[in-house]
Amino acid sequence: MRETPLSNCEKEFILNNIKEHRRLDGRNAYDYRDIRISFGVSLGCCHVEMGKTKVLAQVSCEVGQPKQTRPHDGVLFVNVELSPMASPAFEQGRPSEESVELSRLMERCLKESRCVDLESLCIVSGEKVWHVRVDIHVLNHEGNILDCSSIAAISALAHFKRPDVSVQGEEITIHPLEEKDPVGLSIHHMPLLVSFSFFLQGKYLLVDPSEKEEKVMDGKMVIGMNKHREICTLQVTGQNLLLKDQVLRCSSIAVTKVTKTTELIVQALENDKQARLRGEKHGFAEQISSEKVTSNHWRETQVKVKEEVMSASGGSGAESEDVDSDMEAGSGDSQTDAARLKDVEPNVDIVARGVGAIGEGGASRWLDLPKTTQTSKNKGKLKRSHPEETEVKQEYDEDSEEETQTVLNGVQ
Amino acid sequence: MASFIVLTEEQQRLQREAPPEAVLRCLTSELGCLTRQDGSASLSQGDTTVTAVAYGPAEVRMARERIDRATVEVVYKPKVGLPRPVDRKKENIIRNTLESAIMGSAHPRSAISVIIQETEDLGSNLACCINAACLALLDAAVGLNFMVAAVASAVMEDGKIVTDPEKKVEEKAVAVMTFVFESVDHKLVSVLTYGKFTQEQYKVCRDLCRQTAQSVFAFYRESLEKKLLKTV
């Protein structure tokens, strides 16, 4: 699907606002949107919201061969997925230029900063090492996917635990989670990406651009930094020239942002750990508040088992009919909707000649429309069947057989 | 020291005849949780969580265009790694199910696409996917012939039947069946089974799931009511 492009007047409006030091969502130039970090039930599953931008990260591991050049090191792999889930502009299948750039930047930020101790992921040197994989799924694209994904990735890595391994001579045992407590990855520091967007030849600078601002910006600078003020990555893209001052200013902004965000991550990790220790409910289902109009929560429901069900299990003769009626539902798609509607006889009361009574037919009958279609259809069949009953029965059987096939097709 | 539980014959008989367990884990939904799509929903059944979004009716790629009805596209995204054949199969099942639910002839030469992201798989994943997809379609206000609700059930080694099984139960079970029902006459739309089971067990499972599906429909109704009436 194609995305609606930003119109010229919208662009102008945003730029004029930026000139007057205003942003569409009322933030100041150096403000981040609200960040929310939550963890799933499984280890290494992290969901990060930054305003309305949402990203899901999952870390997984498997045993494999090390790289030839680094036989003592584990392997870290980062994958960023931009699917049509996030925005209609993204396409399924082939990775776009944008997603390749994102993946590369994330990989550079996490791998080349050596934040994960890869040597501790070695099982047998040169033969067996852990391959750690970070999958980042963008769920909703409302701007600044990069910062959001970097928070999600590092939080997920810090949350993840791999199964314990013991080596005795030639024998390697991977202990399942029930047998031995899993081991966390050793994270030396937490590099985070902060992006800055520039407008009007670098004259104006904004932190955490929203999706519309990203469409208007001239260029972008991304700084990867940890809380010890060490720069891990720096990338400049777009068509603008930057002054030395600006780069320095950006890096000092990045310092404060990274410190704050790191605190947030540490806090979220601690909260999750405490909740797990206390055996409280954790996971995503618990994060959705039921106070909202759009959300709904039901406790465990006990379904009352009707007597019929139990007696039916005894295998009475009525069962075969039941199967037939079941299969009929599959015919829903083979029959066109137009034919369905045709079956309903129009019911217009004519009060007097020349007086239309459409729309005065009493209470709305929309809700039970499908039911009436069904019954009238059955009636039609039955009427036809009356003179020669035996034949019709066969017809029914044939019908059901065909429909069984459609159902089976549906399954495979 | 070993301990024994003595079972009399009478107790054993009662155990055999005890009604099967029909429990639906706690349900949590959020409609319109994402902003860029036409419709979106996230649904949790117990700890199994799925996010689904729907677009449509929208422009369709030429190769997939059908002149008499809408093309239904389903993408299932696993949480780890690239989609495997198993996921493609899941996609197909969901697509066929949704195709019968969506009023396709109302929107010829257009596409209705559903994208499903696995967030947490802790049992009955397929059922959760179908239910979330249905909620997303409802949120996108796509015309439907009927709603669909999926319920999974597992047959244990001792013949016990558990509805809406958790992952651990699923792994131990001899057979797992997922049934999808429609909302008008509560008839079967699709079935997916794994493992070995008898015809009797199949029938019991189906009827149990059908009854459990009523709760799912009631849940849909309440979720939508809450959103449309704007009452908490």
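Atoms considered below: every heavy atom in the structure, side chains included; atoms not considered: hydrogens, waters and symmetry mates. Chain identifiers are assigned alphabetically (A, B, ...) following the order of the sequence lines, protein sequences preceding nucleic acid strands; residue numbering begins at 1 within each chain.
- At a 4.5 Å heavy-atom cutoff, the contact between A:R299 and chain B is made by backbone atoms alone.
- Contact annotation for B:T119: both backbone and side-chain heavy atoms come within less than 4.5 Å of a heavy atom of chain A.
- For the pair A:D135 (side chain) and B:G81 (backbone), a donor-acceptor distance under 3.5 Å is present.
- Between the NE2 atom in A:H47 and the OG1 atom in B:T51 there is a gap of 6.5 Å [rounded to 0.5 Å].
- Smallest separation of non-hydrogen atoms from B:L34 and A:M85: CD1-CE, 4.3 Å.
- Only the side chain of B:Q37 comes within contact range of chain A, with heavy atoms under 4.5 Å apart.
- For chain A, the nearby part of B:V75 is the side chain; its heavy atoms alone come within less than 4.5 Å.
- Contact of B:L228 with chain A is not made at all, since no heavy-atom distance falls under 4.5 Å.
- Proximity to chain B (any heavy atom under 4.5 Å) is restricted, for A:L56, to the side chain, taken from C-beta onward.
- In this structure, A:K215 places its NZ atom where more than 12 heavy-atom neighbours from other residues, nucleotides or ligands lie under 6.0 Å away.
- The environment of CG in B:D68 is crowded: more than 12 heavy-atom neighbours from other residues, nucleotides or ligands sit within 6.0 Å.
- Shortest non-hydrogen contact noted between B:Y55 and A:P88 is OH-N, 3.3 Å.
- Note that the CD atom of B:Q117 and the NE2 atom of A:H137 stand 4.5 Å from one another [nearest 0.5 Å].
- In this structure the side chain of B:S215 reaches within 4.5 angstrom of the side chain of A:W298, judged on heavy atoms.
- Looking at A:H282, the atoms closer than 4.5 Å to chain B (heavy atoms on both sides) all sit in the backbone: N, CA, C or O.
- Using a distance-only test at 3.5 Å, with no hydrogens or angles considered, a donor-acceptor pair links the side chain of B:E120 to the main chain of A:V41.
- In this structure, the separation between CG on A:L139 and OG on B:S40 is 10.0 Å, given to the nearest 0.5 Å.
- Taking chain B as the reference chain and counting heavy-atom pairs below 4.5 Å, the highest number among A:S87, A:S83, A:A57, A:A89 is found for A:S87.
- Both the backbone and the side chain of A:S42 come within less than 4.5 Å of a heavy atom in chain B.
- Only the backbone of A:A86 comes within contact range of chain B, with at least one heavy atom under 4.5 Å from a heavy atom of that chain.
- Note: A:E211 CD to B:R36 CZ = 4.0 Å, rounded to the nearest 0.5 Å.
- Interatomic distance, NZ of B:K226 versus OG1 of A:T294, reported as 8.5 Å (0.5 Å rounding).
- Highest contact tally toward chain A, considering only B:T49, B:T212, B:V114, is held by B:T212 [criterion: heavy-atom pairs under 4.5 Å].
- Interface remark: B:E118 contributes backbone atoms only to the contact with chain A (heavy atom separation under 4.5 Å).
- Looking at A:N296 and B:R221, their side chains never come closer than 4.5 Å, going by heavy atoms from C-beta outward.
- Both the backbone and the side chain of B:T28 come within contact range of chain A, judged by heavy atoms closer than 4.5 Å.
- Judged by distance alone, with hydrogens and angles left aside, the side-chain atoms of B:K230 form no donor-acceptor pair with the main-chain N or O of A:V293 at under 3.5 Å.
- Shown here for A:Q58 and B:K79, the closest heavy-atom pair between the two residues is OE1-NZ, 2.7 Å.
- Of the listed residues (B:V180, B:T178, B:I116, B:D47), the one with the most heavy-atom contacts under 4.5 Å to chain A is B:D47.
- Ranked by heavy-atom pairs shorter than 4.5 Å toward chain A, the options B:D38, B:L224, B:T35 are led by B:T35.
- Shown here is A:E280, whose CD atom has more than 12 heavy atoms of other residues, nucleotides or ligands within 6.0 Å.
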Open item on the list: What verdict does the side-chain contact (heavy atoms from CB on, under 4.5 Å) test give for A:K54 and B:C33, after you've listed the backbone C-alpha separation in whole Å, the side-chain angles of each residue and the deciding distance to 0.1 Å?
Closed with: CA-CA 10 Å; A:K54 291 184 188 183; B:C33 52; 4.3 Å; yes

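- Neither the backbone nor the side chain of B:A213 comes within contact range of chain A, judged by heavy atoms closer than 4.5 Å.
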